[in-house]
Amino acid sequence: MRLPPLNAVRAFEAVCRHGSILKAAEELNVVRGAVRQQIATLENHLGRKLFTRDGRRLVPTVQASAFAAAAGVAFDILQRAVLELEDAEQNRIRLGVPSAFAVWWLMPRVADMQASLGDTAVEIVPMTVVEPLQMHPELDAVIMGGEYRPAPGITALRFMEDEFGPVSTPSLAATLSKDPAAMGALTMLASRSVPKLWDEWFAESGTPPVVFSRVQEFEDLLLALGAARSGLGIALAPRASIEDDLERRHLVAPYGFISRPSGYSLCCRTPDAKRPAFVALSGWLLRCGTSA
């Protein structure tokens, strides 16, 4: 069977990834009609419908979803091959990192990291919302926190375990009893970048969900932690992101910390995992993560 037109596969993969013809068109820098035409071309080539309609929404069939996942991996491999063919910088890693983790854990260690990696330059890209690597072809690797199952073509190395728990200023913590339900009198500080963090803590700690008097949301975990540092309320924080605050007693954990599922993982494309630069970065993260 002949391979389908590459542009048609690219449009199809973008629609499946974004769940939207409009967003796929914006990514590909074409009009929506062009994307629809490419989808029709691919369906004609394959002799089958690739989407069903749910109201105004296009939903890929089971077989189409599997094809889109495979196409995404193929495009990633092709892009990496082109970069290597063009003699792209092999000693450079663009690393996506959760913003709070970057500021409070990685940046204080960045000089040691650079010394360990020698000529390899690591460009740290803070991410308010951390998304899987397959959604970011412009990045070489990402650090993922919490539960994460790598997609096909992605290699994940867990380099550090972590704990998490509610944190506040010492003065606010002094108003709480030993019962976590007492937190209900405070403002819950939440982050849209990790919207399930509080729910995860309630589930993992066995604590009944608390009804808070007030909830205030922030776009980034960094902002929520900054608000907790100011005394606005109580936030749920990964311990690795606030070690300095804990040491300086800017923040305390009135109910302690518990183990956070899965900790932190370095994720890269499988062909890159054996590159010397990634081997060096992985080794450094393992050393620091073990001693953290």
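As a basis for the values below, the full set of heavy atoms in this structure was taken, side chains included, without hydrogen atoms, waters or symmetry mates.
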> Is atom CD of Gln216 surrounded by more than 12 heavy atoms (other residues, nucleotides or ligands) closer than 6.0 Å?
Replying inline: yes
> Do Met127 and Met135 sit in the same hydrophobic cluster, where Ile, Leu, Val, Met, Phe, Trp and Tyr count as joined when their side-chain heavy atoms come under 4.5 Å apart?
Replying inline: no
>> My understanding is that only one of Glu204, Glu200, Glu163 makes a side-chain contact (heavy atoms from CB on, under 4.5 Å) with Ile258; could you say which?
In response: Glu204
> Does Glu138 offer a backbone N or O that forms a donor-acceptor pair with the side chain of Arg94 under 3.5 Å?
Replying inline: yes
> Under 3.5 Å, side chain of His250 to main-chain N/O of Ile242, donor-acceptor pair present?
Replying inline: no
> Looking only at heavy atoms, what is the nearest atom pair of Gly289 and Trp105, with distance?
Replying inline: N-CZ2, 4.3 Å
>> With a 4.0 Å cut-off on N to O distance, would you call Arg239 and Glu243 a salt bridge?
In response: yes
>> If you define the side chain from C-beta out and look only at heavy atoms, does anything of Ile39 sit under 4.5 Å from Leu58?
In response: no
>> Do Phe257 and Leu246 make a side-chain contact, defined as non-hydrogen atoms from C-beta onward lying under 4.5 Å apart?
In response: yes
> Going hydrophobic residue to hydrophobic residue with side-chain gaps under 4.5 angstrom, can you get from Met144 over to Leu222?
Replying inline: no
>> Could you go through Asp245 and Trp104, starting from their C-alpha distance and side-chain angles, then the distance that decides it, and tell me whether this counts as side chain to side chain donor-acceptor pair (under 3.5 Å)?
In response: CA-CA 9 Å; Asp245 284 316; Trp104 299 113; 5.1 Å; no
> What are the two closest non-hydrogen atoms of Leu133 and Leu139, and how far apart are they?
Replying inline: CD1-O, 3.7 Å
>> With a 4.5 Å cut-off on side-chain heavy-atom distances among I, L, V, M, F, W and Y, is there a chain of contacts connecting Val215 to Leu236?
In response: yes
>> Do the side chains of Arg275 and Asp272 get close enough for a salt bridge, i.e. N-O under 4.0 angstrom?
In response: yes
> Taking the side chain from Gln114 and the backbone from Asp119, do they hold a donor-acceptor pair closer than 3.5 Å?
Replying inline: no
> Same hydrophobic cluster for Val103 and Val194, using side-chain heavy-atom links shorter than 4.5 Å among ILVMFWY?
Replying inline: no
>> Tell me whether Phe218 shares a hydrophobic cluster with Leu197, the cluster being built from Ile, Leu, Val, Met, Phe, Trp, Tyr side chains joined at under 4.5 Å.
In response: no
> Heavy atoms, side chains only, cut-off 4.5 Å: are Pro254 and Leu172 in contact?
Replying inline: no
>> Do Leu95 and Leu266 have side chains that approach each other closer than 4.5 Å (heavy atoms only, starting at C-beta)?
In response: yes
> At their closest point, which heavy atom of Val167 faces which heavy atom of Ala237, and how far apart are they?
Replying inline: CG2-CB, 3.9 Å
> Are Ile143 and Pro98 side-chain neighbours, meaning at least one heavy-atom pair lies under 4.5 Å?
Replying inline: yes
>> Would you say the ring centers of Phe212 and Trp198 fall short of 6.0 Å from each other?
In response: yes
>> For the backbone of Cys267 and the side chain of Ser265, can you confirm whether one donor and one acceptor N or O come within less than 3.5 Å of each other?
In response: no
> Is the closest side-chain heavy-atom distance between Pro238 and Phe101 below 4.5 Å?
Replying inline: no
> Would you call the rings of Phe12 and Phe67 parallel, tilted or perpendicular if under 30° counts as parallel and over 60° as perpendicular?
Replying inline: parallel
>> Could you report the tightest heavy-atom contact between Ala102 and Ile124, atom names first, then the distance?
In response: CB-CG2, 4.4 Å
>> Are the side chains of Pro5 and Thr41 in contact, using a 4.5 Å heavy-atom criterion?
In response: yes
> Between Ser168 and Gly233, what is the shortest heavy-atom contact and its length?
Replying inline: CB-O, 3.9 Å
> At their closest point, which heavy atom of Lys178 faces which heavy atom of Tyr255, and how far apart are they?
Replying inline: O-CE2, 3.4 Å
